[in-house]
Amino acid sequence: MTIPLAFAHIGDLHLTGAEADNARDFAAIVAQLNDVSGNEGAGLDFVFVPGDNADNGRPEQYALVRAGLDRLRLPAHVITGDHDMEGGSLDAFYGGLDAPRLPYAVEVRGVRCLFLDMCGPGSGGPDFRLGADQVAWLAAELDRAGTRPCALFMHSYPADLKGEGEAERVADLVHRGPVRLVEMGHTHYNELANDGRTVYAATRSTGQIEEGPVGYAVAAIDGGVTSWRFKELARPWPFVLITAPADRRLACDAGQVVGEDVTLRALVLGPAETVEYRIDDGAWRPMGREDGARCYATTITWPADARAIAVRATGGGATDTDTIEPATDPNGLPTSRGIGSDADALGAWEARGLLGTQLGPNRNGRQW
């Protein structure tokens, strides 16, 4: 039985004061995630916070971050962003959050999770660098992982690295290695990119919001399959994320193309009195919960002319549905147009929370 890695990603906090909207939103997100912290085998494995935690890198701002994380009933992994370096060093980050020194690695559900510091080795601002030691550490970790899937957690795309040769070196390590997902912040908008080997996912900011509603992302790695969907804070539980098979837009190799027999698996967070699936516009059919696991699953026979699978969960007076289009053509999988950058971005995908407008301080939005 497969239990997918599943985690929540709370976007750049940019905390300034306790009465600001983003501080209240952060508290509300923490409270909502605590609702589904669950027991072993249920809920989520951890929460990721991608940097730019304190807007000016000040100790009193880190105290607000720490207070929110202290209320969280899930493990949290917090990395650095350019705003965390505004004081000239990361002393306030490490001192205020009591965070482990970056880089570091943890293994969860058979996935090697690697957390990097793009900011400490640079001079501040968007001078993103890893430095020779951290690049060597990353190369060794990926080599050690072998064929086991890895997830990389960093503040921005590898293409944004400024160190001599770093962007090309890191993008090559990711593309040739076992990295199935790179999770990032920085952009302030939701974005998914797929270079045919690796999915890159950026989650919109919790502070300094340019577009869309407040919320957070939920991501999963199920074997080699990556799934990702944004959850609006205002939407009640339950929440559904299909973790297998791969959607055609997120499929990364020919092995993720569906055959005649398909294992359908879905992560369901929150109350679920019924969980059902259907193919295209067919009848809804029940799914059962895997014994001791967080997911619902069934085996289906895939019709040759079918296009989409939907899973819906009903509970607590609310319903949520996730729909994917499985990959059926090995010649139609995504291919790279620019390794390690947003050149491979998928564009708008409203059902995933991607508006495609790229509003934010690093593309078309306000200069914060």
Side-chain angles (χ1 to χ4, degrees), residues 7-34 46-72 74-104 115-131 134 153-157 160 162 183-190 202-210 214-217 233 360-362 365-368:
F7 61 90
H9 177 151
I10 306 174
D12 303 17
L13 297 174
H14 287 282
L15 291 187
T16 54
E19 299 307 314
D21 288 344
N22 56 337
R24 292 192 290 269
D25 291 338
F26 178 40
I29 291 171
V30 166
Q32 191 170 96
L33 290 172
N34 282 343
F46 59 80
V47 171
F48 170 56
V49 186
D52 285 358
N53 308 287
D55 193 45
N56 308 107
R58 295 174 181 164
E60 64 271 21
Q61 295 170 347
Y62 284 114
L64 293 174
V65 180
R66 180 68 179 270
L69 296 176
D70 283 348
R71 291 192 295 271
L72 184 65
L74 288 162
H77 297 281
V78 187
I79 64 168
T80 58
D82 43 298
H83 282 249
D84 296 303
M85 275 285 289
E86 280 203 8
S89 76
L90 294 175
D91 291 347
F93 169 85
Y94 285 114
L97 301 183
D98 194 26
R101 289 279 166 175
L102 296 160
Y104 66 88
F115 299 89
L116 297 178
D117 172 20
M118 291 182 70
C119 301
S123 60
D127 182 31
F128 296 135
R129 299 172 187 264
L130 293 177
Q134 202 169 185
F153 298 83
M154 55 199 300
H155 188 58
S156 191
Y157 283 98
D160 291 333
K162 307 300 184 186
E183 280 282 336
M184 307 165 295
H186 189 59
T187 67
H188 291 206
Y189 46 80
N190 291 331
T203 297
R204 46 95 80 222
S205 177
T206 305
Q208 301 187 352
I209 297 164
E210 296 277 359
V214 176
Y216 51 92
L233 177 60
N362 309 297
R366 190 193 319 172
Q367 296 300 309
W368 291 91

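Quick note: numbers below take in every heavy atom, side chains included, and nothing from hydrogens, waters or symmetry partners.
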Decide yes or no for [X] and [Y]: does some side-chain heavy atom of the first lie under 4.5 Å from some side-chain heavy atom of the second?
X: Tyr94; Y: Leu102; result: yes
X: Leu130; Y: Met118; result: yes
X: Leu69; Y: Phe26; result: yes
X: Glu19; Y: Arg24; result: yes

Between atom [atom1] of [X] and atom [atom2] of [Y], what is the distance when rounded to the nearest 0.5 Å?
X: Leu15; Y: His83; atom1: CG; atom2: NE2; answer: 12.0 Å
X: Arg204; Y: Ile10; atom1: CZ; atom2: CD1; answer: 12.0 Å
X: Arg129; Y: Ser123; atom1: CZ; atom2: OG; answer: 6.5 Å
X: Ile209; Y: His188; atom1: CD1; atom2: NE2; answer: 10.0 Å
X: Lys162; Y: Asp127; atom1: NZ; atom2: CG; answer: 8.0 Å
X: Leu13; Y: Gln208; atom1: CG; atom2: CD; answer: 11.0 Å

Discussion item. Would you say His9 and Glu183 are linked by a side-chain donor-acceptor pair, where the criterion is simply a distance under 3.5 Å?
Written reply: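 Note: Glu183 and His9 side chains meet the donor-acceptor criterion.
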Fill in: Flag for Asp117-Gln134: side-chain donor and acceptor within less than 3.5 Å
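No - no donor-acceptor pair under 3.5 Å links their side chains.
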[X] versus [Y], closest heavy-atom pair with distance:
X: Tyr216; Y: Ala8; value: CD1-CB, 4.2 Å
X: Leu33; Y: Val47; value: CD1-CG2, 3.8 Å
X: Phe48; Y: Phe7; value: CB-CD1, 4.4 Å
X: Phe93; Y: Val78; value: CZ-O, 3.7 Å
X: Gly17; Y: Ala23; value: O-CB, 3.4 Å
X: Ile29; Y: Thr206; value: CD1-CG2, 4.4 Å

Discussion item. Applying ring pair (Phe, Tyr, Trp, His ring centres under 6.0 Å), can you list everything that pairs with Phe115, at least two apart in sequence or on another chain?
Written reply: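 In terms of ring pair (Phe, Tyr, Trp, His ring centres under 6.0 Å), with neighbours along the sequence ignored, Phe115 is linked to His77, Tyr104, Phe153.
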Discussion item. Going by ring pair (Phe, Tyr, Trp, His ring centres under 6.0 Å), name the residues that satisfy it together with Phe128, two or more places apart in sequence or in a different chain.
Written reply: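 By the ring pair (Phe, Tyr, Trp, His ring centres under 6.0 Å) rule, Phe128 matches His155, His186.
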Item to complete: Apply the side-chain contact (heavy atoms from CB on, under 4.5 Å) test between Asp12 and each candidate in Thr187, Val49, Asp52; give the one that qualifies.
Response: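 Passing option: Asp52.
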Practice prompt. Mark yes or no for whether Asp84, through its side chain, and Gly51, through its backbone, hold a donor-acceptor pair below 3.5 Å.
Written response: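 The answer is no, because no donor-acceptor pair under 3.5 Å joins these two groups.
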Who pairs with [X] by side chain to side chain donor-acceptor pair (under 3.5 Å), at least two apart in sequence or on another chain?
X: Ser156; value: Asp160
X: Tyr189; value: none
X: Asn190; value: none

Fill in: salt bridge (Lys or Arg N to Asp or Glu O under 4.0 Å) contacts touching residues 54-67 (sequence neighbours left out)
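Checked against salt bridge (Lys or Arg N to Asp or Glu O under 4.0 Å) - neighbours excluded - the pairs reaching residues 54-67 are Arg66-Asp70.
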